[in-house]
Amino acid sequence: QGAFEMTDTPYVGCGVTASALAMEKDLAKQIFLQQRIPTSQWVPVAGSDMKQPATVIASIVRTLDLPVFVKPAELGSSVGVSKASSEAELEEAIRLALSYGEKAIVEEYIDGREIEVAVLGGRASIPGEIIIETEWYDYESKYNDETSRFVAPARLTPPQSSEVKDLAERAYAALGCKGLA
């Protein structure tokens with residue numbers, strides 16, 4: 001987006017700031033909290049924090065129950081994401097996530113469904129649902145597992161669908177998105 005804007009080249013989607021905020025999970029979650037948009041509990045971990053891994057792991061386990069998910073703070077498509085069920089797995093997952101960037105986030109595990117919503121010009125689409133046969137929606141199940149499928153509309157009640165759409169629109173606005181997100 002930045003290169004397109006510098007060269008006055010038209011493009012589709014969010015601008016530089018909104019895209020950067022949406023990709024930086026820690027900052028996006030902070031904005032969501034400020035805007036009273038529900039998000040999972042999380043703990044950010046900087047690469048420099050891992051000079052004392054035992055202290056970091058102990059702090060995380062005091063804050064979040066295991067299992068947890070660990071993600072690079074600035075990537076998508078589940079690259080570098082791990083589920084950790086023990087302190088040893090947690091340290092390994094943090095190190096993996098940090099191999100992709102300078103910050104990781106550790107999120108509480110939520111046993112839920114994978115609901116997706118597109119937002120165009122501030123208006124949310126009908127929610128869809130990703131049906132998976134694996135334990136969680138990882139990179140393999142997104143791109144290589146032929147058993148994963150997308151169902152639209154999602155099997156939600158009308159109030160649930162309305163709530164999902166409202167949350168998507170509020171998140172879109174909170175991050176300053178435009179166009180398609």
Side-chain angles (χ1 to χ4, degrees), residues 1-42 44 69-83 97 100-101 103-181:
Q1 290 96 335
F4 288 149
E5 288 185 15
M6 288 174 54
T7 59
D8 291 324
T9 303
Y11 62 95
V12 174
C14 300
V16 174
T17 303
S19 293
L21 287 173
M23 284 299 292
E24 215 294 0
K25 295 168 187 65
D26 182 35
L27 294 177
K29 287 172 151 300
Q30 290 178 46
I31 290 168
F32 294 158
L33 283 182
Q34 290 170 354
Q35 297 294 314
R36 294 189 171 94
I37 299 169
T39 186
S40 59
Q41 290 186 313
W42 82 100
F69 279 97
V70 183
K71 305 173 179 182
E74 297 180 324
L75 282 181
S77 293
S78 297
V79 173
V81 176
S82 303
K83 182 178 178 185
Y100 291 96
K103 184 171 30 168
I105 63 165
V106 180
E107 288 182 307
E108 73 175 311
Y109 171 77
I110 296 175
D111 186 14
R113 296 161 57 193
E114 188 78 28
I115 306 295
E116 296 192 355
V117 181
V119 182
L120 178 60
R123 300 213 24 142
S125 69
I126 294 169
E129 182 171 3
I130 304 296
I131 308 296
I132 60 170
E133 302 296 325
T134 56
E135 183 179 5
W136 56 281
Y137 197 42
D138 62 358
Y139 185 89
E140 279 299 309
S141 59
K142 284 182 179 182
Y143 301 106
N144 298 320
D145 180 358
E146 294 181 15
T147 64
S148 297
R149 64 190 192 287
F150 182 76
V151 176
R155 289 174 244 146
L156 299 170
T157 65
Q160 288 172 325
S161 183
S162 180
E163 180 181 10
V164 167
K165 290 170 67 173
D166 177 65
L167 290 171
E169 289 170 0
R170 289 177 52 210
Y172 177 99
L175 296 176
C177 296
K178 66 178 185 179
L180 175 65

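Please read these numbers as outputs of a predicted model, since none were measured by experiment.
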Does a side-chain N-to-carboxylate-O contact under 4.0 Å join E107 and K29?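 Yes, E107 and K29 are salt-bridged.
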Supply the atom-to-atom distance [X] [atom1] to [Y] [atom2], rounded to the nearest 0.5 angstrom.
{"X": "L175", "Y": "L27", "atom1": "CG", "atom2": "CG", "answer": "10.0 Å"}
{"X": "M23", "Y": "L75", "atom1": "CE", "atom2": "CG", "answer": "6.0 Å"}
{"X": "S161", "Y": "I126", "atom1": "OG", "atom2": "CD1", "answer": "7.5 Å"}
{"X": "E129", "Y": "L156", "atom1": "CD", "atom2": "CG", "answer": "6.5 Å"}
{"X": "Y139", "Y": "N144", "atom1": "OH", "atom2": "CG", "answer": "6.5 Å"}
{"X": "R149", "Y": "I132", "atom1": "CZ", "atom2": "CD1", "answer": "11.0 Å"}

Of E24, K71, E74, K25, which meets side-chain contact (heavy atoms from CB on, under 4.5 Å) against K103? E24
Looking only at heavy atoms, which two atoms of [X] and [Y] are closest? And how far apart?
{"X": "V117", "Y": "S125", "value": "CG1-O, 3.7 Å"}
{"X": "W42", "Y": "T39", "value": "CZ3-CG2, 4.1 Å"}
{"X": "I31", "Y": "A174", "value": "CG2-O, 3.7 Å"}
{"X": "F32", "Y": "A171", "value": "CE2-CB, 3.7 Å"}
{"X": "L120", "Y": "Y172", "value": "C-OH, 4.4 Å"}
{"X": "S141", "Y": "S148", "value": "O-OG, 3.0 Å"}

For the pair [X] (side chain) and [Y] (backbone), establish whether a donor and an acceptor sit closer than 3.5 Å, ignoring hydrogens and angles.
{"X": "S19", "Y": "V16", "value": "no"}
{"X": "Q41", "Y": "E108", "value": "no"}
{"X": "S78", "Y": "Y137", "value": "yes"}
{"X": "R113", "Y": "A154", "value": "no"}

Atom [atom1] of [X] with >12 non-hydrogen neighbours under 6.0 angstrom:
{"X": "F4", "atom1": "CZ", "value": "no"}
{"X": "K83", "atom1": "NZ", "value": "yes"}
{"X": "E163", "atom1": "CD", "value": "no"}

Heavy-atom distance under 4.5 Å between the side chains of P38 and L167, does that happen here? yes
Show, in sequence, the C-alpha distance, side-chain angles and deciding distance for Q30 and L33, and conclude whether the side-chain contact (heavy atoms from CB on, under 4.5 Å) test is met. CA-CA 5 Å; Q30 290 178 46; L33 283 182; 5.8 Å; no
Going through the checks in order, is the side-chain contact (heavy atoms from CB on, under 4.5 Å) test met by I105 and F69? CA-CA 8 Å; I105 63 165; F69 279 97; over 6 Å; no
